[in-house]
> 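First, the structure itself, so that you have it in front of you.
By convention in this document, chain letters (A, B, ...) are assigned in the order of the sequence lines, proteins followed by strands, and residues within each chain are numbered from 1.
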Amino acid sequence: MNFRTPVGTNDILPPSSRVWSYVIDHFSRMCVRTNYDLIITPIFEESGVFQRAVGVDNDVVRKEMYQFQDRSGRDYSLRPEQTASIVRSYVESRPKYLPWKVYYWGPMFRYERPQAGRYRQFYQLGLEAFGSSDPSLDAEIISLAWDFLVDLGLSDLELRLNSLGDEACRPGYVADLTKFLDSVKDKLCGAHQDSYQRNPLRVLDCKTEACLEATQDAPFQRDFLCEDCRDHFKSVLELLDRFAISYRQDSRLVRGLDYYNRTTFEICSTSLESAQNAIGGGGRYDGLVRSLGGPDTPAIGFSIGLERLVSCLENQSPVVIGRAHQSHEPIIFLIDVTSSGKASQVFRDLSRSGINVARDYGDRSMKAQFKAADRSGAWVAVIIGDDELSRNSATIRALRDQEKLRALLQVSVREKYDGRSCGRQDELESSGQVEIDISDIEVFFNKVFIPKFSRHISLASQ
RNA sequence: GUGGCCGUAGCUCAGUUGGUUAGAGCGCCAGGUUGUGGCCCUGGAGGUCGGGGGUUCAAGUCCCCUCGGUCACCCCA
């Protein structure tokens, strides 16, 4: 019997993993540009971190946590989400300067039945900012999430926003809502007939006809916001308007984790075919630091599901997918039929000089090596045969896009660098390939050919 | 936790009312042809038909159990 991945988990394999690495890289750059620093926390924490943060009544904690005892009997859980760990880390390390802005990406774990867009080990990327309740921070966070997705080429996105109020106005609202639900409880869907008392807000988020109908005239938070919350929310909306980010206010939007207050948001893709169409979301959690034992510190963040994001991209962003693959393609494939070990040396030198390079192994026939070169997606072959070896040279031949690349090779080999040209151009006309000294190979590619080549590539991908 | 559909080569699938050594295409490997690779030709490797039990002279085909995949409910990323 062969081993396989555990239920609900899967390997992220090439070529799809190229998209992952591209997306994560894109995200990291954006975060660095906006002054967020990488944070890496343990993948498991004391269970209490999540129980306290997410809420013991929440499904995520009640029945979805990978909770276990280690060999010393300590009660740990694999993280079902990242925010709680980061808050724990904030409280533990007490950063000197505020705001404290951090970003992350990594695996999360929830014990659920897998289905399209839902896994037991899944990946999120996101960011959190601590130490300011300025509504412009809310707008910054929302716009970062939005722009990140839009810049990746996604278009069928919908941003929904809500304000959940704060400790001043929420309790009154919840009491009112509960009273209302008491009066219509017979009309609620089966799942919520009892559970509405534990978490009344969830009922508003229920998609069943029964609950939707029963709660049509329910009180909504927007009518209960205190003045501070109302002003705060209004400022956030005004900034989003200025950014020309379109959104929809949705009074039924209640996020699944209990720590949220004030601004909450969710981004869905209408093009995602599965039932799990929320790509990401987030919001404020001004009370969370305190409830994990820290000083009163407002905070806000968002997270995005990588599997869902990548599947959106694969559906509707061919340009980005192409670019992601291209960034991993070898430019050069080394073909060596001399069994002299020359390829090993050239491979090492070229790769260390910064060029994506690939090769074959096992001294196979030239035909086999060319086939491997084709499959690798490399743009040119660098061939070392017996003739070349005796002259200490290599032949360069275009593999893809031959007409253009031959022209580029032709120009490159004639171009002077440091007062001389690298190649012997005499053979070019007839065979469409050039021969250059091995000692010139790094200069030829790095200084002459690749600069032209990158321009050719970027023109081609436009 | 509940339910629908599905499990035959690396991949996509054929396998007729149960009947001899289980097939195809693609992919892979080797050889030939070739303008040093892409096309074409020849050959080859690779399957305990998810696993276990049962019915039968005979099971990939029928029955039961089980494991896995997938989608949906629920929940959420």
Side-chain angles (χ1 to χ4, degrees), chain A residues 1-10 13 54 57-65 79-83 105-126 145 149 189-192 195 199 202 205-208 211 253-258 266-269 272-282 302-312 333 335-337 360 362 364-388 394-402 427 430-433 435:
Chain A
M1 193 56 189
N2 291 326
F3 292 115
R4 37 171 95 189
T5 58
V7 175
T9 69
N10 45 267
L13 298 168
V54 177
D57 284 341
N58 194 283
D59 276 0
V60 169
V61 164
R62 265 179 46 233
K63 32 187 218 196
E64 296 172 8
M65 278 218 293
R79 62 185 187 200
E81 56 106 44
Q82 177 74 81
T83 302
W105 72 271
M108 312 296 155
F109 306 84
R110 290 181 202 171
Y111 189 89
E112 298 180 273
R113 284 288 289 272
Q115 70 184 68
R118 197 174 78 182
Y119 310 94
R120 289 185 173 178
Q121 175 171 336
F122 61 100
Y123 291 78
Q124 291 186 326
L125 50 77
L149 298 173
C189 77
H192 284 119
S195 70
N199 195 339
R202 285 240 64 87
D205 203 26
C206 183
K207 278 119 199 151
T208 60
C211 280
L253 175 63
V254 177
R255 302 277 302 150
L257 309 170
D258 295 351
E266 203 166 283
I267 299 175
C268 296
S269 169
L272 219 46
E273 279 167 26
S274 92
Q276 319 293 329
N277 68 348
I279 300 183
F302 75 74
S303 75
I304 285 175
L306 262 164
E307 289 84 354
R308 293 180 190 179
L309 170 55
V310 168
S311 111
C312 271
F333 194 98
I335 291 177
D336 182 354
V337 287
D360 193 51
R364 296 199 302 159
S365 68
M366 185 173 278
K367 179 195 176 89
Q369 294 194 48
F370 260 104
K371 278 192 147 184
D374 273 329
R375 254 171 312 177
S376 78
W379 292 82
V380 300
V382 167
I383 304 149
I384 300 169
D386 291 322
D387 293 350
E388 285 91 348
T395 295
I396 303 170
R397 179 185 172 83
L399 291 171
R400 298 168 59 177
D401 212 350
Q402 293 210 338
E427 296 180 34
S430 53
S431 59
Q433 53 195 36
E435 187 175 346

> Look at all strands and tell whether A:R364 reaches a base, only sugar-phosphate, or nothing, counting heavy atoms closer than 4.0 Å.
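A:R364: backbone/sugar contact only, no base atoms under 4.0 Å.
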> Heavy atoms only: give me the nearest A:A394-A:V382 pair and the separation to one decimal.
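Between these two residues, the closest heavy atoms are CB-CG1, 3.8 Å.
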> Ignoring the backbone of A:R202, work out which of B:C76, B:U36, B:C75 is nearest its side chain.
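That would be B:C76.
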> Hey, does A:K371 have a side-chain heavy atom less than 4.5 Å from the side chain of A:D374?
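No - every pair of side-chain heavy atoms lies 4.5 Å or more apart.
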> Check every strand shown and say whether A:E81 touches a base, only sugar-phosphate, or nothing at a heavy-atom separation below 4.0 Å.
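Contact class for A:E81: none.
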> Check whether the aromatic ring of A:Y123 stacks on the base of B:A77, taking stacking as ring centres less than 5.5 Å apart and planes within 30° of each other.
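So A:Y123 does not count as stacking on the base.
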> Under 4.0 Å, heavy atoms only, any strand: does A:R62 hit a base, just the sugar-phosphate, or nothing?
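Nothing: the residue A:R62, judged by heavy atoms under 4.0 Å, touches no strand.
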> What string of B, S and - do you get for nucleotides 7-13 of chain B, 5' to 3', if B is base contact, S is sugar-phosphate-only contact and - is no contact with any protein heavy atom under 4.0 Å?
-------
> For residues 305-312 of chain A, please give each side-chain donor-acceptor pair under 3.5 Å, one per line with the distance, not counting sequence neighbours.
| residue | atom | partner | partner atom | Å |
| --- | --- | --- | --- | --- |
| A:E307 | OE1 | A:Y123 | N | 3.2 |
| A:E307 | OE2 | A:Y123 | N | 3.2 |
| A:R308 | NE | A:G117 | O | 2.8 |
| A:R308 | NH1 | A:A278 | O | 2.9 |
| A:R308 | NH2 | A:G117 | O | 2.9 |

> Under the 3.5 angstrom rule, does the side chain of A:R110 hit a backbone N or O of A:K63 as a donor-acceptor pair?
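Not confirmed, A:R110 side chain does not pair with A:K63 backbone.
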> I'd like the P distance from B:A22 over to B:G60, given in whole Å.
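Going atom to atom, P in each nucleotide, I get 10 Å.
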> Closest approach to the side chain of A:V60, judged atom by atom: which nucleotide of B:G37, B:C76, B:A77 is it?
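Within the option list, the nearest is B:C76.
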> Return the value, rounded to whole Å, for the distance between atom CZ of A:F109 and atom C1' of B:A77.
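My rounded result for the distance is 14 Å.
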> If you measure from the P atom in B:A24 to the same atom in B:A45, how many Å do you get, rounded?
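Approximately 12 Å lies between the P atom of B:A24 and that of B:A45.
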> Would you indicate which nucleotide in B:C75, B:G38, B:G69 comes nearest to any side-chain atom of A:R397?
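Of the options given, the side chain of A:R397 lies nearest B:G38.
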> Closest approach of A:D360 and A:F333, non-hydrogen atoms and distance?
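Heavy-atom minimum between the residues: N-CZ, 3.5 Å.
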> Any donor-acceptor pair under 3.5 Å between the side chain of A:Q115 and the base of B:C74?
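Yes.
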> Would you say the base of B:C75 and the side-chain of A:R118 have a donor-acceptor pair closer than 3.5 Å?
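Counting by modelled atom types and ignoring angles, a donor-acceptor contact under 3.5 Å is found here.
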> Can you give me the closest heavy-atom contact between A:A378 and A:R400, atom names plus distance?
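Scanning both residues completely, I find the closest heavy atoms to be O-CD, 3.2 Å.
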> If you measure from CD1 on A:I335 to CZ on A:R364, what distance do you get to the nearest 0.5 Å?
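With rounding to 0.5 Å, CD1 (A:I335) is 10.5 Å from CZ (A:R364).
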> How would RNA chain B look in dot-bracket form, 5' to 3', counting Watson-Crick and G-U wobble pairs with both distances under 3.5 Å and writing | for bases paired to another strand?
(((((((..((((.....[...)))).(((((.......))))).....(((((..]....))))))))))))....
> Mind checking if A:I335 touches a base, just sugar-phosphate, or nothing, with heavy atoms under 4.0 Å?
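No contact.
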> With distance as the sole test, does A:E112 use its side chain to make a donor-acceptor pair with the main-chain N or O of A:E64 at under 3.5 Å?
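Side chain of A:E112 to backbone of A:E64, a donor-acceptor pair under 3.5 Å: no, none is there.
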> At 4.0 Å (heavy atoms only), tell me whether A:D374 reaches a base, stays on the sugar-phosphate, or touches nothing.
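It contacts base atoms.
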> Measuring from the side chain of A:K367 (C-beta onward, heavy atoms only), which nucleotide among B:C73, B:G38, B:A77 has the closest atom?
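Out of B:C73, B:G38, B:A77, the nucleotide with an atom closest to A:K367's side chain is B:G38.
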> Minimum heavy-atom separation for A:Q433 and A:I396, please, with both atom names.
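Heavy atoms only, the tightest pair is CB-O, 3.1 Å.
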> Using whole Å, what does the distance between atom C1' of nucleotide B:C75 and atom CD of A:E266 come to?
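In whole Å, B:C75 C1' and A:E266 CD are 12 Å from each other.
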> Could you measure between the two P atoms, the one in B:U2 and the one in B:C63, and give it in whole Å?
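Pairwise P distance, B:U2 against B:C63, rounds to 24 Å.
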> Would you indicate whether the side-chain heavy atoms of A:I383 and A:Q369 approach each other to under 4.5 Å?
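No, too far: nothing below the 4.5 Å cut-off.
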> For A:R120 versus A:V7, what's the shortest heavy-atom pair and its separation?
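For A:R120 and A:V7, the tightest heavy-atom pair comes out as CD-O, 3.3 Å.
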> Mind checking if A:L309 touches a base, just sugar-phosphate, or nothing, with heavy atoms under 4.0 Å?
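Counting heavy atoms under 4.0 Å across all strands, no contact is made by A:L309.
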> Does A:I383 or A:A278 map to a spot on RNA chain B nearer the 5' end, using the closest nucleotide for each?
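By nearest-heavy-atom nucleotide position, the 5'-most residue is A:I383.
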> When you get a sec, tell me which of B:C76, B:C71, B:G37 is the closest nucleotide to the side chain of A:N58?
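Looking only at heavy atoms from C-beta outward on A:N58, the closest nucleotide is B:C76.
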> Need one value for A:V337: base, sugar-phosphate or nothing, where a base atom within 4.0 Å counts as base even if backbone is also close, heavy atoms only.
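Since no nucleic acid heavy atom lies under 4.0 Å of A:V337, the category is nothing.
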> Return whichever of A:N277 or A:R375 has its heavy-atom-nearest nucleotide of RNA chain B closer to the 5' end.
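Counting from the 5' end, the first nearest nucleotide belongs to A:R375.
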> In whole Å, I'd like the distance from the CD atom of A:Q433 to the P atom of B:G37.
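After rounding, the gap between these two atoms is 11 Å.
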> Indicate, with a heavy-atom threshold strictly under 4.0 Å, whether A:A373 touches base, sugar-phosphate, or nothing.
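Contact class for A:A373: none.
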> For the side chain of A:R110, counting heavy atoms from C-beta on, which of B:U36, B:A72, B:C76 is nearest?
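Closest nucleotide to the A:R110 side chain: B:C76.
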> What are the two closest heavy atoms between A:D205 and A:V254, and how far apart are they?
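What the structure gives for the nearest pair is OD2-O, 3.3 Å.
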> When you measure from the side chain of A:R113, which nucleotide among B:G37, B:G31, B:U2 comes out closest?
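Ranking B:G37, B:G31, B:U2 by closest atom to the A:R113 side chain puts B:U2 first.
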> Which is true for A:G385 with a 4.0 Å heavy-atom rule: it touches a base, it touches only sugar-phosphate, or it touches nothing?
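No contact at all - A:G385 keeps every heavy atom at 4.0 Å or more from the nucleic acid.
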> Please determine, for the side chain of A:Q402, which listed nucleotide (B:C75, B:G37, B:G68) has the closest atom?
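Of B:C75, B:G37, B:G68, B:G37 is nearest to the side chain of A:Q402.
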> Give me the distance, rounded to whole Å, that separates B:G23 from B:G46 when you measure between the P atoms they each carry.
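Those two atoms are separated by 14 Å.
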> Would you state whether a donor and an acceptor, one from the side chain of A:E112 and one from the base of B:A77, lie under 3.5 Å apart?
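For A:E112, whose side chain was compared with the base of B:A77, there is a donor-acceptor pair (under 3.5 Å).
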